[in-house]
Amino acid sequence: MSSWNFIKTDLNDKDFLIDCRSSAAYQESTLRGAYSFPFIKKAFASDPESQKKMTGPIDEILKLIQKEGATRVIAFDEGMGMFASRMVFLLRAAGYQNVFLYGNRWPSQGVALEKGSKEMELGPGDKPKKLEGVVDKAFLEKNLTRLQIFDTRTQEEYDGKLPRLTAPEPGSLCGRLPGAFLWDWRILYDGQGNLIEKTQFNKKLRSFPFMPERTTVIYDYNGARSSLLALMLREVGYLDVHTYQGSWFEWRRSSLPKQAVSVYGQSGSSAAAPRVGGTDRKSS
């Protein structure tokens, strides 16, 4: 049994199940009755149209949960990973707290499976809605030097060697937000691919340059990996924690300051970027 309250390992008939794996994996086999909402894998910027594409589907999911009379929502992917965590965080940010991460890795044993048939392509909402704990580019630009920023990508992405972990494209800008600490999301898992226990997480937190009194913003490439760390920090008592959904996907295209800048696939093209807040900061 996991020590994390946002993780559940039991299922019941009243659960609203959300499969956050790929469309192909879902169609091949999923938990019986599970829905798939492909929007959860997309990147979203801070402009109103992008925000409507993110918050519109969230509203529709909440209506569907109510219509089906579900008592709680369970989101899952291959193994307590980025996109299921993102679904949990966004639904909670929209005000629905009874949503959890499924604590059993795929393929699930001892549960009923079927071919996925409830893949829902949901359109944008009428207007963007505020999600509690989700900040935009304007907020970061205004408060950049006052924030504690965590980068949950890998060391290679943080150091400006890769623009993203999966399928990096030549010509893409590498780098990070100025002043960000590195907190590689992979250290949140043990050697078996399970989330580390809460006591172990708290131990890591004590050895990390973390200042609880400061507003914390977490980002990655597209706003997915950061959601897991946000859930964990909030559960251990740090409520002034937010995700930046635009993440590096949006920031790299802006004129805002960046660190460790280079162009992927172009040797010798690295260039220094304007810095904010002094020297680079890394986790030990």
Side-chain angles (χ1 to χ4, degrees), residues 5-6 16 18 20 35 37-67 70 72-73 75 82-101 120-152 177 180 212-254 256:
N5 293 330
F6 66 84
F16 188 95
I18 301 178
C20 299
Y35 285 86
F37 301 99
F39 87 97
I40 201 63
K41 290 185 172 291
K42 298 177 181 178
F44 300 98
S46 297
D47 62 277
E49 289 305 311
S50 292
Q51 290 299 298
K52 285 192 292 186
K53 291 177 182 177
M54 181 177 72
T55 60
I58 291 293
D59 278 348
E60 292 303 314
I61 292 173
L62 293 176
K63 292 176 185 176
L64 193 53
I65 293 168
Q66 184 177 24
K67 180 180 178 181
R72 64 178 183 174
V73 174
M82 63 180 80
F83 292 110
S85 300
R86 187 188 200 187
M87 181 66 78
V88 171
F89 186 80
L90 289 178
L91 286 173
R92 288 188 174 191
Y96 188 89
Q97 300 304 312
N98 210 28
V99 53
F100 305 94
L101 197 64
M120 311 292 284
E121 290 285 356
L122 302 175
D126 295 332
K127 59 182 180 179
K129 295 186 177 180
K130 177 66 178 175
L131 297 178
E132 192 276 326
V134 179
V135 300
D136 60 13
K137 181 162 60 71
F139 176 86
L140 276 162
E141 183 178 8
K142 180 180 178 180
N143 299 285
L144 193 58
T145 59
R146 295 190 290 271
L147 297 171
Q148 178 171 240
I149 302 174
F150 289 157
D151 185 328
T152 57
L177 272 65
E213 70 279 4
R214 296 189 70 178
T215 298
T216 299
V217 174
I218 313 172
Y219 80 98
D220 47 72
Y221 177 77
N222 63 0
R225 285 173 277 181
S226 53
S227 296
L228 176 59
L229 179 57
L231 288 169
M232 297 170 87
L233 284 171
R234 286 190 168 203
E235 183 158 322
V236 298
Y238 300 104
L239 302 182
D240 196 6
V241 172
H242 313 264
T243 62
Y244 168 34
Q245 289 298 319
S247 286
W248 185 248
F249 165 79
E250 177 179 53
W251 195 269
R252 67 191 171 124
R253 299 178 179 180
S254 74
L256 296 169

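Source: prediction; values computed, not measured.
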* Structure fact -> Between Glu250 and Ala45 the two heavy atoms that sit nearest each other are OE2-CB, 3.3 Å

* Structure fact -> Residues at least two apart in sequence or cross-chain that pass side-chain hydrogen bond (donor to acceptor under 3.5 Å, both in side chains) with Asp240, listed by chain then number, are Thr215, His242

* Hey, is the main chain of Ile40 close enough, under 3.5 Å, to the side chain of Arg86 for a donor-acceptor pair? -> yes

* Asked: How many angstroms lie between atom CD of Glu235 and atom CG of Asn5, to the nearest 0.5 angstrom?
  -> 4.0 Å

Distance-only donor-acceptor pairs under 3.5 Å for side chains of residues 122-131, two or more places apart:
from, atom 1, to, atom 2, distance (Å)
Lys129, NZ, Asp59, OD2, 2.7
Lys130, NZ, Val134, O, 3.3

* Would you say Phe89 and Leu228 make side-chain contact, with heavy atoms under 4.5 Å? -> no

* Is Lys41 reaching over with its side chain to a backbone N or O of Cys20, donor-acceptor style, under 3.5 angstrom? -> yes

* Shortest non-hydrogen contact between Glu121 and Pro38, atoms and distance -> OE2-CG, 3.6 Å

* To do: Start with the C-alpha gap between Tyr35 and Ile61, add the side-chain angles, then the distance that decides, and say whether side-chain contact (heavy atoms from CB on, under 4.5 Å) holds.
  => CA-CA 10 Å; Tyr35 285 86; Ile61 292 173; over 6 Å; no

* Residues that Thr243 engages under side-chain hydrogen bond (donor to acceptor under 3.5 Å, both in side chains), provided they are two or more places apart -> Gln245

* For Tyr238, enumerate each residue passing the ring pair (Phe, Tyr, Trp, His ring centres under 6.0 Å) test, keeping only those at least two apart in sequence or located in another chain. => Phe210

* Asked: What distance separates Glu60 CD from Thr55 OG1, expressed to the nearest 0.5 Å?
  -> 10.5 Å

* Can you name the side-chain contact (heavy atoms from CB on, under 4.5 Å) partners of Asp136, sequence neighbours left out? -> Ser46, Ala138, Phe139

* Asked: Can you name the closest pair of heavy atoms from Gln148 and Thr216 and give their distance?
  -> NE2-OG1, 2.8 Å

* Asked: Considering residues at least two apart in sequence or located in another chain, which fulfil the side-chain hydrogen bond (donor to acceptor under 3.5 Å, both in side chains) criterion with Gln66?
  -> none

* To do: Supply the atom-to-atom distance Leu229 CG to Thr152 OG1, rounded to the nearest 0.5 angstrom.
  => 6.5 Å

* 4.5 Å side-chain heavy-atom contact, Ile149 and Leu144 -> yes

* Which heavy-atom pair separates Ile18 from Met87 by the least distance, and what is that distance? -> CG2-CE, 3.8 Å

* Asked: With Glu49, which residues qualify under side-chain contact (heavy atoms from CB on, under 4.5 Å), at least two apart?
  -> Asp47, Lys52

* Structure fact -> For Ser247, the side-chain contact (heavy atoms from CB on, under 4.5 Å) test, sequence neighbours excluded, returns Tyr219, Asp220

* **Closest non-hydrogen atom pair between Ile218 and Val241, with its separation** => CD1-CG1, 3.7 Å

* Considering residues at least two apart in sequence or located in another chain, which fulfil the ring pair (Phe, Tyr, Trp, His ring centres under 6.0 Å) criterion with Phe249? -> none

* Looking at side-chain heavy atoms only, is the closest gap between Leu91 and Ile58 below 4.5 Å? -> yes

* Output the distance between atom CG (Leu64) and atom CZ (Phe16), rounded to the nearest 0.5 Å. => 4.0 Å

* Phe39: what forms a ring pair (Phe, Tyr, Trp, His ring centres under 6.0 Å) with it, not counting sequence neighbours? -> none

* **Summary of salt bridge (Lys or Arg N to Asp or Glu O under 4.0 Å) pairs that have at least one residue in residues 142-151, sequence neighbours excluded** => Asp151-Arg153

* To do: Could you tell me which residues satisfy side-chain hydrogen bond (donor to acceptor under 3.5 Å, both in side chains) with Tyr96, sequence neighbours excluded, listed by chain and number?
  => none

* Taking all heavy atoms of Ser254 and all of Lys137, pick out the closest pair and write down the distance. => CB-CD, 4.2 Å

* **Glu132/Arg234 salt bridge by N-O under 4.0 Å criterion** => yes

